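Structure first, commentary second.
All values below were derived from every heavy atom in this structure, side-chain atoms included, with hydrogens, water molecules and symmetry-related copies excluded. Note on naming: letters A, B, ... go to the chains in the order of the sequence lines (proteins, then strands), and numbering restarts at 1 for each one. This one's a predicted model, so the numbers in the text were calculated from it and none came from an experiment.
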Amino acid sequence: MRKSPIPSGRVAIIIWLAFLTLSAFVISRTQFTTDLSAFLPKSPTPQQELLLEQIRDGLASRLILVSIGGADASSRAELSRQMAARLRADAEFVSVNNGEPVNTEADRAYLFNNRYLLSPQVTPDLFTVAGLHSALNDSIELLASPAGLLVKSLLPRDPTGEMIHLLEQLDSDAQPPVFDGVWATSDGTQAMMLVQTRSSGTDTDGQQHAMNSIREAFNSVPAAKPTMRLVMTGPGVFSVTARETIKSQVKRLSIISVILITTLLLLLYRSFAALGLGLLPVLSGAVAGIAVVSLGFGEVHGITLGFGTALIGEAVDYSIYLFVQSDNTGGDRRNWTIEFWPTIRLGVVTSIFGFAALLFSGFPGLAQLGLYSISGLISAALVTRFVLPYLLPDNFQVHDVSRIGRILSDLTTHAARLRWPAIVVLVLAGGIVAQHRGDLWNDKISSLSPISEAEVELDTGLRAELGAPDVRFLVVASGADQEDVLISAEQVSAVLQVLVDQGQLAGFESPSRYLPSNATQLARQASLPAVTVLEDHLAQAVQDLPVRADLFAPFIADIEAARSQPLLSTADLENTSMAMAVDALLIKQSDHWSAVLPLTAPPDAGIDADHIRAALDSAGLSGVLFVDLKAESDNLYSGYLREVIQMSLGGLAAIVALLLLVYRSPWRVLRNILPLVAAVLSVVAGLILFGQQLIILHLVGLLLVVAVGSNYALLLDRTYQAGLSLHDRPGTESPSATPPTERRTSPRILASMLFASLTTVLGFGVLAFSSVSILQAMGVTVAPGVVLALLYSAIFVKTTDA
Amino acid sequence: MPLVLFGLLFLDFQTGLADEWNIDQLMQGMAQRQSSHAHFTEIKYIAMLERPLESSGELFYTAPDRLEKRTITPKPESMILEQGSLVIERGSRKHKVRLQEYPELSAFIESIRATLAGDRAALESTYGLCLTGTAEHWILELRPLKEQMQAFVQSIRIAGAGNTVSSIEINQADGDSSLMMIDSQSTP
């Protein structure tokens with residue numbers, strides 16, 4: 001087919017169009033995801049699964065913390081009430097809490113009416129003479145205290161103080177102070193609200209919608225005043241802000257880089273048609289990448305699109321090489337095909353070797369990225385080779401760059417003189433990297449977050465004021481059904497309560513507190529005595545107390561009723577604020593149930609994870625897991641990072657092996673590899689000197705530097721070898737192929753590489769000015785990296801005066 | 001009755017100034033007090049119980065809103081009012097009551113705090129005030145304005161001399177009452 005280019009050109013174009021159509025069809029049916037599934041390893045540990053579950057559906061991920069500042073306290077309070085009323089009516093929100101006692105009545109009724117099923121104090125011992133005496137004595141003493149005013153009316157019905165005990169349990173959480181009937185910061189300058197959304201924290205659109213509804217309520221309720229300020233924070237708010245920040249920065253920066261690159265290419269091509277055609281390889285590559293990943297994985301992750309498109313950025317260079325390197329004397333690109341395609345092909349294969357390592361990653365996200373880049377690069381290269389030449393207009397001519405090329409050529413001949421200084425620089429760079437190898441990488445997942453320090457501080461501050469859960473430490477009990485996990489939760493609670501009493505924990509939450517297991521409810525019911533027994537015991541218990549037994553007739557009646565009351569179920573919690581807690585802490589999954597028990601650290605002290613783990617282990621409970629979500633997410637990320645580093649090194653080894661196979665000369669391979677290693681080392685050393693710790697995006701950038709840089713090295717190598725080997729090659733005797741000499745080829749090659757690296761520098765350089773760490777990392781790695789790769793290639797590749 | 005006589009004499013002697021002894025003066029005097037420490041004995045009459053309950057202990061006050069009542073007999077117990085919440089410690093149990101959730105209790109405690117702080121505006125938002133006596137022997141009677149509160153407390157009578165409080169008598173609407181005698185040991 002290759003022997004008759006014109007028909008094969010048509011065939012190629014037809015195949016290409018058919019491929020694009022097919023890909024478009026696949027893409028139209030592709031499911032794009034942005035959830036965290038890409039981060040979950042193929043075979044996750046139970047802790048990792050739990051982490052993702054919590055990030056996705058956990059209570060903490062669905063909280064929005066709201067503060068209202070400005071104007072005066074009573075206006076803020078009024079606004080808070082009106083906003084809360086509006087939001088409570090909105091199905092988008094599960095709960096809106098601003099300190100108003102909306103559920104207080106229902107909550108108290110639930111606790112009081114069911115106190116003998118709910119209170120852990122209800123045991124057979126409580127109803128013995130001694131037990132009653134001690135409980136009554138306590139209550140009478142309480143009556144004498146200021147709180148006695150509150151409990152006086154309860155005494156005849158609840159002389160053992162079950163209600164007080166239940167309230168004590170509930171009140172253990174810190175609650176913000178109230179001004180004018182609503183929550184306010186302790187300095188009283190802002191009203192506060194805690195909102196729980198129905199949509200999960202990872203549903204960024206849902207979170208954005210919820211934020212809009214809150215802002216809308218803030219602006220439109222009658223009490224709204226222009227001097228008031230609304231501040232929102234929380235995990236969902238963070239993801240919305242992050243997305244907005246990245247979106248707006250990407251938009252602004254890509255507009256700038258597109259203008260810069262377009263201007264440069266227009267100066268070079270002098271043709272809009274060429275400019276458009278030049279994008280065909282990379283666009284085809286992106287289309288192919290998405291379609292192949294979609295077929296291979298059943299879905300395409302947003303991360304794959306973002307990083308993958310950067311990784312195949314190399315493909316933009318292909319068309320520059322084609323346009324600038326091809327003979328511009330008569331629309332015949334066959335020379336290029338013969339002279340340079342093998343080299344570009346080798347460059348593509350090296351890049352593929354580099355990215356292939358990702359394919360075998362245990363993380364679907366990385367594997368997708370590998371598949372995307374490989375299929376994208378192959379398609380882009382094939383389009384450059386077989387389609388693009390036939391689409392160029394006959395009289396296509398790029399701007400004459402031979403003058404620039406000659407200057408470069410002169411410079412290059414002297415470049416080899418820099419070899420020793422360059423080696424000194426490299427040794428220094430290597431030394432710096434070696435010295436910092438311990439803290440080279442930042443393996444904290446927060447290093448990826450585009451959320452600013454100030455925003456994090458605001459969140460921490462507001463969270464502390466609101467006493468909102470900062471869910472980091474959890475105990476999770478799993479089981480087959482609700483009863484199972486409630487029993488487990490009760491057993492865990494018993495262990496945790498000991499830790500609370502020891503001061504190891506400030507407290508913990510458990511769904512079993514609001515909804516005990518049936519077993520426990522039955523046990524409590526069974527410990528309630530019959531009327532005659534209770535009357536008898538009471539009469540003895542009050543003998544030396546300043547009360548008469550007949551005061552407690554209502555108590556006896558309540559106990560009698562509780563003995564036969566139906567057991568509590570989730571439905572009984574309806575309309576109480578405890579329903580929300582149980583809902584968040586008791587999770588039904590497809591095939592099992594989990595009960596989540598968040599732990600609260602003692603004030604001014606952390607939680608000793610090992611101690612708690614040991615306490616839980618020694619209790620010998622099955623299906624119970626202690627999770628430190630922060631450590632777990634850091635582990636997940638650092639594992640991910642470690643794997644990519646190893647795979648990248650593996651990729652490098654594979655590239656070396658490939659070149660050895662092709663060149664069969666270790667020295668030649670060394671000359672080609674050295675510039676890449678040198679560029680990587682120098683960039684990393686530079687980043688260290690500027691005080692940057694590397695994140696995963698630096699590594700992606702370095703992969704790109706190697707991919708792009710290998711083309712430079714190979715092309716230069718090819719140029720220098722051209723004079724020596726081209727004549728000996730079979731298949732070069734096509735009619736118009738005048739054997740190029742080094743003098744003729746070199747300037748054009750050099751110019752094409754200069755332009756290719758300039759576009760890369762313009763494209764990625766602007767990212768270096770981004771305030772978003774993941775964009776900035778790419779920018780500061782790729783832009784200097786490709787320039788250095790080009791320089792080092794010029795310095796090291798040439799053999800003549802070695 | 002030499003004391004009464006003395007009082008009467010004193011009253012006469014002060015007649016010229018009596019017109020000027022008013023709530024504002026009392027409040028100003030109280031407001032100057034930054035902290036105080038006193039011993040108390042309290043007796044509570046509760047209809048439900050067959051005997052009155054007696055207790056004693058110490059009181060600490062720091063302007064403008066920290067009040068601590070440390071009961072020593074019959075059983076150690078402490079109650080601290082701070083920043084709108086009441087922390088009650090009995091034995092190993094600590095119970096925090098958020099006053100905003102208990103408006104009656106809040107109004108009741110506020111009557112004492114606001115008197116000690118000389119915060120007339122806060123007092124008058126909940127109570128009608130009636131001051132009798134002299135600067136050296138005054139009685140401030142508080143009667144709740146709101147019906148909701150009237151169902152709970154009938155009157156609070158705070159007696160004192162100068163800017164020290166000597167007794168607090170609380171009469172509840174249900175007939176229960178308490179009397180707290182305060183023996184001041186003023187601290188500078």
Side-chain angles (χ1 to χ4, degrees), chain A residues 77 99-101 103-105 107-108 136-156 159 161 164-165 167-184 186-188 467 500-501 503 507 542 544-552, chain B residues 42-57 65 67-71 73-109 112 151-153 170 172-174 176 178 180:
Chain A
E100 287 180 277
N103 292 322
T104 315
E105 282 307 307
D107 288 2
R108 286 192 189 163
L136 288 177
N137 195 34
D138 267 358
S139 295
I140 290 166
E141 278 167 3
L142 187 62
L143 218 53
S145 83
L149 291 168
L150 299 174
V151 298
K152 193 164 73 179
S153 61
L154 293 179
L155 189 71
I164 297 294
H165 186 73
L167 284 174
E168 265 172 25
Q169 276 195 331
L170 288 183
D171 275 358
S172 56
D173 307 329
Q175 292 270 358
V178 167
F179 287 91
D180 273 326
V182 301
W183 282 343
S186 46
D187 62 2
V500 171
D501 296 341
V542 297
D544 63 337
L545 293 174
V547 278
R548 282 168 287 114
D550 57 7
L551 177 66
F552 303 116
Chain B
E42 189 178 25
I43 188 156
K44 287 193 175 186
Y45 303 91
I46 299 171
M48 228 181 257
L49 305 183
E50 296 183 312
R51 321 187 268 275
L53 296 171
E54 280 177 60
S55 62
S56 65
D65 61 1
L67 189 60
E68 180 176 353
K69 180 184 178 190
R70 202 179 290 164
T71 307
T73 59
K75 200 175 181 184
E77 172 188 302
S78 93
M79 175 216 94
I80 301 169
L81 171 76
E82 203 165 24
Q83 289 176 344
S85 63
L86 192 64
V87 180
I88 300 166
E89 259 189 276
R90 307 174 59 226
S92 63
R93 274 155 71 177
K94 201 169 176 176
H95 187 202
K96 189 171 180 178
V97 178
R98 278 168 293 135
L99 289 177
Q100 73 256 5
E101 286 184 8
Y102 304 94
E104 297 87 359
L105 183 63
S106 171
F108 161 68
I109 287 177
I112 297 165
F152 189 67
V153 171
I170 299 162
Q172 292 181 35
D174 60 6
D176 288 356
S178 71
M180 182 194 266

Side chain / backbone / both / neither for Asp501(A) at chain B, heavy atoms under 4.5 Å: neither

By a 4.5 Å heavy-atom criterion (distance strictly below it), what part of Leu545(A) contacts chain B: side chain, backbone, both, or neither?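 For Leu545(A), the backbone is the part near chain B, not the side chain.
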
Leu53(B) versus chain A, the contacting section by heavy-atom distance below 4.5 Å: side chain

Could Glu42(B) and Lys69(B) be called an ion pair, given the rule that one side-chain N must be under 4.0 Å from one carboxylate O?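 Judged by the 4.0 Å cut-off on N to carboxylate O distance, Glu42(B) and Lys69(B) do form a salt bridge.
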
Not counting sequence neighbours, which residues clear side-chain contact (heavy atoms from CB on, under 4.5 Å) with Ser106(B)? List them please.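 For Ser106(B) the side-chain contact (heavy atoms from CB on, under 4.5 Å) partners, ignoring immediate neighbours, are Leu99(B).
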
Under a 3.5 Å cutoff, is there a donor and acceptor pairing between the side chains of Thr71(B) and Ser55(B)? no

For Glu54(B), which residues count as a side-chain hydrogen bond (donor to acceptor under 3.5 Å, both in side chains) partner, sequence neighbours excluded?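 Residues passing side-chain hydrogen bond (donor to acceptor under 3.5 Å, both in side chains) with Glu54(B): none at all.
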
